[in-house]
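See below for the structure under consideration.
In this text the structure is predicted, and so the values were computed from the model without any measurement. Every chain is numbered from 1, with letters handed out A, B, ... down the list of sequences.
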Amino acid sequence: MENSKIAKILFGIADLLEMKEVEFKPRAYRKAAQTIEAMSQDIAGIYKQGGKKALDEIPGVGASISEKIEEILKTGKLKYYEKLRKETPVDTEGLMSIEGMGPKKVKRLYKELGVKSVKDLERAAKKGRIKKLKGMGQKVEAELLEAVKFSKKKTGRMLLGSAMPTAEELIEVLKKTAKIDKIEAAGSFRRWMETIGDLDILVVSKDPAGVMDAFTSLKSVSKVLAKGQTKSSVRLGNGLQVDLRIVDMSSWGSALMYFTGSKTHNIELRKIAIKKGWKLSEYGVFKGDKQLAGKTEDEVYKKLGMQFVPPEMRENIGEIELALDGKLPSLVGYNDIKGDLQFHTKWSDGTETLEQMVRKGKELGYSYMCVTDHVGTLKIAGGLDEKALKKQAKEIAAVDNMVDGIAVLQGAEVNILADGTLDMPDSALKGLDVVIAAIHSGFRGGREKQTKRVLGAMENEHVDIIAHPTGRVIGKRAAYDLDWQKVFDKSKETKTYLEINAFPDRLDLSDMNTHAALKAGCKLVINTDAHHSSHFENMKFGVGTARRAWARKSDILNTLPLKKFMKAIG
DNA sequence: GCCGTTTTCGGCCCGACTGTTTTCAGTCG
């Protein structure tokens, strides 16, 4: 049973209770669900180790919810949830995912029109039954119909890697067309989440109306969802929703915090303000009508008695307590990486020559790079054999000579076979500087089988790195399940390091897996897996993921200078 | 239903925007 499944049930309970207009309980269930969803540890494992008592320790989980989690873990279902669903046989999750639908409307439409599903909703709207209800009208009905239509073609969240160029361009255009003193993208974008649901942009301007006009009439806008004096929302042609908010310079910091989130992080901060007898909003920290702080984020955190929390850490998974104690880790920086350890050239499935790739690496300021073309039987990727590797070694030496100030290492990406052995003999791997092993086929094997494969590869004395350890491709292929405790232990034992693959649709390990790995005391590497020199720019997404997992510089091996790095991988 | 350096009872984040209202409810983030 995965955390996400348990969270889903708890969210479901919250929705159903809200429809019944039960007070406060929905919030409690939602809070617990959020915590569980965001936890890096497996909740089944926590229960296995510490029983119900350990569940009680989870923030937001008390006697009643822990009992329910226990029942879910034991039986796979929850009687209380089933009873609620029987009482209100409505697809709350589906209906509430429609823009403009909340618990109150779901309830009314169910009670008065018998709407149980999105399909029912569409039918009722088309028949003009919704506008006849009190408090609703033509506009509500039309908007709902529109929202249903949109939800059908909505593809979900957008990759951070895809959203970043969109955001940067949008900001550039706004800067040119309106009077803007300050502008920054906030939200999950600024927290470097792997995908973003929408884009939040914050602006300081002396001409707010002009900014709103410019924003809502951007070429890329397909629909204006809301337009006000300080806040507007639009949907772009590519489906991305963008919210823009205008604030005073005096509130810039608190507004940036509010807009950056996460929501749960902000709620905790507000509670801290309340305890001090103050109020925290996007306008600042207030004592009565007097603003105590708000101009910068630093100022607001300081006022609350905390360290500045880097945006990547604002997920309310323990960072607030650390910041209050002054014990936040110093995170690995975006410029701390000294060398990329996984990239491909024309020797296998890359599209550029070794020299082109190395020159780009030098431009980025790396002091070493390791070329890791595919070897062995991976024919699609043009796997090299032992002989070809020797030939490539000569070119590597030549390029190493030719390009000053950067060391070129020879590595290889080798396949992990079904039984955990490698498809390349040890004799071929022996002479390489860095050996990367990865699974490229048989993604469907169960947890036990995949764990055995990975552990097998780690036990090979030549293997230094396990690349993209869970095989996931965001939005396309699910991660295979691994027994993380065993993998982490083996990583430490054999000094075989797990990779954070920086490709925007991989980010594998994920932030949560990385967090768990670091907690277990593992060290990691961050690689781009570049197949073209432009892919080297993706390193930032890997570092962002590491920062989200609270990684310090010392946790990431390729922040070390060459000599120390070589010593570390042994 | 959860939580506690004001509390084991009585609180529970805060504000903008919209539509349908003539003072507000619902939704959203």
Which listed nucleotide ([options]) is nearest to the side chain of [X]?
| X | options | result |
| --- | --- | --- |
| A/Lys139 | B/dG19, B/dC2, B/dC17 | B/dG19 |
| A/Val140 | B/dG1, B/dT20, B/dC12 | B/dT20 |
| A/Thr230 | B/dG1, B/dG15, B/dC17 | B/dC17 |

Below 3.5 Å is the cut-off: list the nitrogen or oxygen pairs between protein and nucleotides 3-10 of chain B, distance only.
from	atom 1	to	atom 2	distance (Å)
B/dC3	OP1	A/Gly60	N	2.7

Span that lies between the [atom1] atom of [M] and that of [N], in whole angstrom:
| N | M | atom1 | answer |
| --- | --- | --- | --- |
| B/dC17 | B/dG11 | C1' | 29 Å |
| B/dT21 | B/dG26 | P | 13 Å |
| B/dT5 | B/dG1 | P | 23 Å |

Looking only at side chains, do [X] and [Y] share a donor and an acceptor under 3.5 Å apart?
| X | Y | answer |
| --- | --- | --- |
| A/Lys52 | A/Ser66 | yes |
| A/Asp243 | A/Gln241 | yes |
| A/Ser205 | A/Asp181 | no |
| A/Tyr47 | A/Glu70 | yes |
| A/Ser64 | A/Lys68 | yes |

Where do A/Asp56 and A/Lys53 land on the salt bridge (Lys or Arg N to Asp or Glu O under 4.0 Å) test, with the steps shown first? CA-CA 5 Å; A/Asp56 274 328; A/Lys53 216 172 149 196; over 6 Å; no
Let me know, please, whether A/Gly137 or A/Tyr29 comes out on the 5' side of the other along DNA chain B by nearest nucleotide. A/Tyr29
If each of A/Leu280 and A/Met212 is mapped to the nucleotide of DNA chain B with the nearest heavy atom, which maps nearer the 5' terminus, i.e. the 5' end? A/Leu280
So [X], base contact, sugar-phosphate only, or nothing? Heavy-atom distance under 4.0 Å.
| X | result |
| --- | --- |
| A/Lys68 | sugar-phosphate |
| A/Ala32 | nothing |
| A/Glu143 | nothing |

Please name the nucleotide paired to B/dG19 by Watson-Crick or G-U wobble geometry with both distances under 3.5 Å, or report none. B/dC24
Could you point out which residue of A/Arg547, A/Arg548, A/Glu312 forms a side-chain contact (heavy atoms from CB on, under 4.5 Å) with A/Arg191? A/Arg548
Any side-chain hydrogen bond (donor to acceptor under 3.5 Å, both in side chains) involving residues 208-222 of chain A? Give me the pairs, sequence neighbours left out, ordered by first then second residue. A/Asp213-A/Lys227
Ring centroid separation A/Phe259 to A/Trp252 under 6.0 Å: no
B/dG15 OP1/OP2 closer than 4.0 Å to side-chain N/O of A/Lys279: yes
Please state whether the phosphate of B/dG1, meaning OP1 or OP2, lies under 4.0 angstrom from any side-chain nitrogen or oxygen of A/Ser64. yes
Do nucleotides 21-29 of chain B as a string where each nucleotide becomes B, S or -: B if the base has a protein heavy atom under 4.0 Å, S if just the sugar-phosphate does, - if no protein is that close. -----SSSB
